[in-house]
Colleague: 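Starting off with a structure, shown below.
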Amino acid sequence: MIKTLLGEIKEYKTPSILTPVFMVFEVIFETLIPLCMASIVDDGINVGDLRHVYVMGGVMTVLAILGLASGVLGGVFSAKASTGFAKNLRKAMFDKIQTYSFSNIDHFSTAGLVTRLTTDVTNIQNAYQMILRMCFRAPFSMIFAMGAAFILSPRIASIYLSAVVLLGLVLFFLIRSAMKYFSEVFKKYDDLNAAIQENVSGIRVVKAYVREDYENERFRKAAENIHSMFVKAENKVILNGPLMMTTVYGCMILISWFGAKMIVVGDLETGELMSLLTYCMNILFSLMMMSMIFVMVSMSTASAERICEVLNEQADIANPENPVMEVADGSIEFRDVDFSYKKGGGEPVLKDVTFSVKSGETIGIIGGTGSAKSSLVNLISRLYDVTNGELLVGGVDVREYDLETLREQVSVVLQKNVLFSGSILDNLRWGNPDASEEECKRVCRMACADEFIEKMPDGYNTHIEQGGTNVSGGQKQRLCIARALLKKPRILILDDSTSAVDTATDAKIRKAFREEIPGTTKLIIAQRISSVQDADRIIVMDEGRINGFGTHEELMENNAIYREVYESQTSGNGDFDQIGGME
């Protein structure tokens with residue numbers, strides 16, 4: 001874990017090294033000041049030597065300025081190092097997430113990833129800054145002050161030592177008991193973020209069903225869980241303050257008592273007693289800072305583990321050693337393919353799937369909900385890998401392709417359409433960043449998106465809100481189809497992507513596909529048979545298996561499920577999921 005985190009310091013190694021250096025210098029200068037003060041009292045004021053007072057006063061001033069400068073520089077470098085470290089951690093995690101397959105993403109919740117990128121990284125940033133500053137300053141301050149105290153009076157310095165040992169043991173047990181609560185509290189943040197995320201993204205549904213009170217209660221419980229865990233942890237840590245102050249004032253009383261007696265008998269000077277009291281404060285407050293470090297480190301340990309989980313997660317899908325860099329054509333072949341979402345176990349979603357598609361064919365795919373239609377097409381662009389069997393695209397196993405090369409040639413319009421904040425042109429150019437405006441307009445005409453875009457006040461420069469909330473479901477689908485077409489792929493997959501489009505527009509889109517991209521292999525998943533009946537061939541899926549594969553006429557003659565669905569839909573009596581054989 002430490003190695004993984006330290007690997008992200010990178011260009012911030014220099015400020016990370018300079019911070020503790022300046023902290024040590026600050027401690028040295030602060031440790032010398034009480035010695036100068038003792039000299040001023042004992043060798044200057046007590047003997048009436050004003051010159052010595054002025055000289056040592058000047059030395060103290062210089063030491064104070066140097067200590068201040070060291071502290072400021074240490075603070076500047078620690079801020080630069082910690083914020084830079086946090087930046088690198090966030091970028092490393094975000095970059096890592098981009099390499100994940102769908103199965104990797106399924107392993108982490110969206111709320112969990114958000115918490116790791118925000119709250120957990122902030123905890124690490126604060127802990128790292130404190131470690132760079134206090135983790136070096138506090139021990140050195142305590143060691144130097146203890147050494148100077150033993151030089152002045154070993155007898156009184158032994159009071160410090162006894163207090164430090166006693167206080168250290170007590171603080172160790174307090175912090176140890178608090179750590180288990182800190183390790184649990186950040187898991188509760190995932191629940192809180194999940195409640196926020198679902199509420200904000202589904203706010204229209206919440207209001208439509210008048211579920212504000214339910215959502216408020218859900219959020220209250222998540223916030224209360226975090227509150228109660230922090231209270232339990234803080235109840236342990238809070239004892240640190242009164243215990244520390246009791247020890248500090250107890251030591252001061254003992255030092256004053258024994259010091260006064262030693263002054264009377266001549267074993268100690270007045271200035272030395274003042275310095276010893278100063279060192280007492282330095283030592284015990286250094287111990288307090290060390291306890292704060294332990295608390296912060298214990299809080300951040302859980303965050304560090306969660307961050308390392310993301311950074312160390314191995315992508316299930318990666319490039320082979322010598323990947324194929326070109327897709328020859330849009331032909332597709334499934335050979336005895338099985339697929340399960342749980343590797344090494346779990347019920348197969350696809351079972352013994354075998355079929356082939358010629359380049360340029362239009363293939364319809366129909367089936368009831370849960371029949372694994374989406375799972376089938378997700379394998380083609382290696383969003384998931386097959387569990388058993390082979391899947392070939394362009395005559396080559398998809399596992400032999402360079403991932404970027406394969407996915408550039410396979411355009412997928414997923415079931416859940418996603419648009420990003422920006423103009424319509426910005427969204428379209430996700431398919432091709434270098435596309436001209438005319439190319440964008442051409443694909444919009446093919447997807448019948450030009451009909452509504454040209455009616456908008458700003459046309460293709462119209463701003464799309466995050467998630468496409470300012471366009472209808474059908475408009476969103478057509479924009480996503482146009483975006484996919486802009487890639488000029490060899491294979492185009494539409495996963496129920498015209499469900500929100502009226503039948504007339506659906507027919508226009510299919511007509512444009514036939515005329516404009518005849519060389520592109522098209523896989524169209526649909527619930528309406530009218531959307532696929534003019535396809536070259538149609539696959540009928542049932543419980544993860546291919547129940548039928550052929551033309552509309554062949555299936556009407558030979559496939560009972562297809563025929564029953566067709567008759568039901570054409571008579572207006574039901575849809576695909578209402579047919580008993582597909583439930």
Colleague: Closest approach of Asn319 and Leu403, non-hydrogen atoms and distance?
Modeller: OD1-N, 2.7 Å

Colleague: How close do Ala79 and Thr83 get, counting heavy atoms only, and between which atoms?
Modeller: O-OG1, 2.6 Å

Colleague: Could you walk me through whether Leu117 and Ile97 pass the side chain to side chain contact (heavy atoms under 4.5 Å, CB included) check?
Modeller: CA-CA 11 Å; Leu117 284 162; Ile97 292 169; 4.3 Å; yes

Colleague: Go through it in stages, so that I can follow the logic: the residues are Glu309 and Arg306, the test is salt bridge (charged side-chain N to carboxylate O under 4.0 Å, His left out), and I'd like the CA-CA distance, side-chain angles, deciding distance and then a yes or no.
Modeller: CA-CA 5 Å; Glu309 283 179 7; Arg306 287 157 54 83; over 6 Å; no

Colleague: In the structure I gave you, are the side-chain heavy atoms of Leu486 and Cys440 within less than 4.5 Å of one another anywhere?
Modeller: yes

Colleague: Run Asp385 and Arg382 through salt bridge (charged side-chain N to carboxylate O under 4.0 Å, His left out) and show every step you take.
Modeller: CA-CA 6 Å; Asp385 263 342; Arg382 282 197 80 193; 2.6 Å; yes

Colleague: When you compare the side chain of Ile28 with that of Leu66, does any pair of heavy atoms fall below 4.5 Å?
Modeller: no

Colleague: Hey, is NZ on Lys221 packed in by over 12 heavy atoms from elsewhere, all under 6.0 Å?
Modeller: no

Colleague: Does any non-hydrogen side-chain atom of Val324 lie less than 4.5 Å from one of Thr405?
Modeller: no

Colleague: Per the ring-ring contact (aromatic ring centres under 6.0 Å, His included) rule, what does the pair list look like for residues 10-49, sequence neighbours excluded?
Modeller: Phe22-Phe77

Colleague: Ser70 vs Leu73, test: side chain to side chain contact (heavy atoms under 4.5 Å, CB included). Steps then yes/no.
Modeller: CA-CA 5 Å; Ser70 298; Leu73 289 172; 5.9 Å; no

Colleague: May I ask you to check whether Ser78 and Tyr128 show a side-chain donor-acceptor distance below 3.5 Å?
Modeller: no

Colleague: I need the Glu408 CD to Asn432 CG distance, nearest 0.5 Å.
Modeller: 8.5 Å

Colleague: Considering all heavy atoms of both residues, which atom of Leu132 and which atom of Met23 are nearest to each other, and what is their separation?
Modeller: O-CG, 4.0 Å

Colleague: I'd like to know whether Glu11 forms a salt bridge (charged side-chain N to carboxylate O under 4.0 Å, His left out) with Lys13, so could you lay out the CA-CA distance, the side-chain angles of the two residues, the decisive distance to 0.1 Å, and finally the verdict.
Modeller: CA-CA 6 Å; Glu11 69 270 30; Lys13 289 180 181 177; over 6 Å; no

Colleague: In the structure I gave you, are the side-chain heavy atoms of Ile424 and Ile464 within less than 4.5 Å of one another anywhere?
Modeller: yes

Colleague: Could you grab the distance from atom NZ of Lys87 to atom CG of Leu89, nearest 0.5 Å is fine?
Modeller: 11.0 Å

Colleague: Apply side chain to side chain contact (heavy atoms under 4.5 Å, CB included) to Glu313 and Tyr100, showing your working.
Modeller: CA-CA 9 Å; Glu313 176 82 1; Tyr100 285 174; 3.2 Å; yes

Colleague: Check the surroundings of atom OH in Tyr54: do more than 12 heavy atoms from other residues, nucleotides or ligands lie under 6.0 Å from it?
Modeller: no

Colleague: Which heavy atom of Gly74 sits nearest a heavy atom of Thr19, and at what distance?
Modeller: O-CG2, 3.5 Å

Colleague: From Asp120 CG over to Cys308 SG, what is the distance, rounded to the nearest 0.5 angstrom?
Modeller: 10.5 Å

Colleague: Are a donor atom and an acceptor atom from the side chains of Ser82 and Arg133 found within less than 3.5 Å of each other?
Modeller: no

Colleague: Could you pull out the closest heavy-atom pair between Thr118 and Arg90, with the gap in Å?
Modeller: O-NH2, 3.6 Å

Colleague: Does any N or O in the side chain of Asn378 come within less than 3.5 Å of the main-chain N or O of Leu383, such that one atom is a donor and the other an acceptor?
Modeller: no

Colleague: If you round to the nearest 0.5 Å, how far is CG of Leu63 from CD of Glu26?
Modeller: 12.5 Å

Colleague: Using side-chain heavy atoms (C-beta onward) and a distance below 4.5 Å, is Met60 in contact with Ile40?
Modeller: yes

Colleague: Is there a donor-acceptor pair closer than 3.5 Å between any side-chain N or O of Asn470 and the backbone N or O of His463?
Modeller: yes

Colleague: Going by heavy atoms in the side chains, are Arg429 and Glu437 under 4.5 Å from each other?
Modeller: yes

Colleague: Check whether Ser423 reaches the backbone of Asn461 with its side chain - one donor and one acceptor, N or O, closer than 3.5 Å.
Modeller: no

Colleague: Walk me through whether Ser421 and Glu465 qualify under side chain to side chain contact (heavy atoms under 4.5 Å, CB included).
Modeller: CA-CA 5 Å; Ser421 56; Glu465 301 295 337; over 6 Å; no

Colleague: Using a 3.5 Å distance criterion without hydrogens, assess whether the side chain of Glu8 forms a donor-acceptor pair with backbone atoms of Thr4.
Modeller: no

Colleague: Please report the interatomic distance CG(Asn312) to NZ(Lys3), rounded to the nearest 0.5 Å.
Modeller: 10.5 Å

Colleague: Under a 4.5 Å cut-off applied to non-hydrogen side-chain atoms, are Ser381 and Arg407 in contact?
Modeller: yes

Colleague: Are side-chain heavy atoms of Cys480 and Leu419 found at a separation under 4.5 Å?
Modeller: yes

Colleague: Apply ring-ring contact (aromatic ring centres under 6.0 Å, His included) to Tyr214 and list each qualifying residue two or more places apart in sequence or on a separate chain.
Modeller: none

Colleague: State, to 0.1 Å, how close Arg483 and Val418 come at their nearest heavy-atom pair, and which atoms those are.
Modeller: NH2-O, 2.9 Å

Colleague: Could you work out, with salt bridge (Lys or Arg N to Asp or Glu O under 4.0 Å) as the rule, every residue matching Glu217, not counting sequence neighbours?
Modeller: Arg220

Colleague: What's the separation between atom CG in Asn88 and atom CE in Met93, rounded to the nearest 0.5 Å?
Modeller: 11.5 Å

Colleague: Around atom NZ of Lys80, are there more than 12 heavy atoms from other residues, nucleotides or ligands closer than 6.0 Å?
Modeller: no

